[in-house]
Amino acid sequence: MKGFLVLTLVLVSSFAHAETFEVKMLNRGEKGAMIYEPDFLRVAPGDTIRFLASTPGHNARTIAGLAPEGAEEIKTPLGETADVVAETPGIYGLKCSPHYAMGMVMMIAVGEEADPGELVLPDDLPRRARQRLEEIITENRK
Ligand SMILES: [Cu+2]
C-alpha cells in the first residue's frame, strides 16, 4: 500500500509540471501585420501550445524541412483555437497557410538543448517568411 501511494504522487507531480503556452494569431500585432504573438516559444516536452483564434482566418502548420526528425506534422484547423502538445525535442518552424507569403511564421524550441542558431533554412521559403525566421533566429539563438 505504501508503494502504491508513492507511485501515485510521482505521476501527479510529473503531470503538474506540464504547462500551457498561449499564442495569439493576429491580423495585426506589435511587430506588424499577420503575426503570431509571441513569435518564439521555448517549451518542454509534454507542454501544450494553445493557438488562439484571436482574429479569424489563421492556423498553424509545420513548414516542410523545419521540424525535428520523426516529429509528427502540426496542422491546426483554419480559424479555430487549437491545442498542440510538444513531444519530439528540437526546433519547429510553423506557418499560417493563408498568410505564409506575407511572412506569418513562428518558431518553437522544444527542450533545453534546441538551438535556433543551428537551424538551416530551406532554399524555397517565401521572402517575407525567410526574413521573419532570420529575425527570430537572431533574437533567440543560444
Ligand atoms: Cu494567418
Here the ring-ring contact (aromatic ring centres under 6.0 Å, His included) pairs for residues 94-133, sequence neighbours left out, are H58-H99
Those residues at least two apart in sequence (or on a different chain) that pass salt bridge (charged side-chain N to carboxylate O under 4.0 Å, His left out) with E73 are R61
Donor-acceptor under 3.5 Å (E37 side chain, M25 main chain): no
Connected to L26, directly or through other members, by ILVMFWY side-chain contacts below 4.5 Å are I35
For D39, the side-chain hydrogen bond (donor to acceptor under 3.5 Å, both in side chains) test, sequence neighbours excluded, returns K31
Excluding L52, membership of its hydrophobic cluster (Ile, Leu, Val, Met, Phe, Trp, Tyr; side-chain heavy atoms within less than 4.5 Å) reads none
Residue pairs meeting ring-ring contact (aromatic ring centres under 6.0 Å, His included), one or both in residues 106-134, sequence neighbours left out, come to none
Return a table of donor-acceptor pairs under 3.5 angstrom between the side chains of residues 105-126 and protein atoms on other chains or two or more places apart.
from	atom 1	to	atom 2	distance (Å)
D115	OD1	G117	N	2.8
D115	OD1	K142	N	3.0

Contacts satisfying side chain to side chain donor-acceptor pair (under 3.5 Å) that involve residues 40-54 (not counting sequence neighbours) are R50-D83
Across all chains, not counting sequence neighbours, the salt bridge (charged side-chain N to carboxylate O under 4.0 Å, His left out) partners of E134 are R130
Only pairs under 3.5 Å count here: list side-chain donor-acceptor contacts from residues 87-97, not counting sequence neighbours, and write none if there are none.
from	atom 1	to	atom 2	distance (Å)
Y92	OH	T88	O	2.6
S97	OG	N59	OD1	3.4
S97	OG	N59	ND2	3.1

Residues pairing under ring-ring contact (aromatic ring centres under 6.0 Å, His included) where one sits in residues 104-138, two or more places apart or in two chains, turn out to be none
In short, ring-ring contact (aromatic ring centres under 6.0 Å, His included) pairs touching residues 112-137 with sequence neighbours left out are none
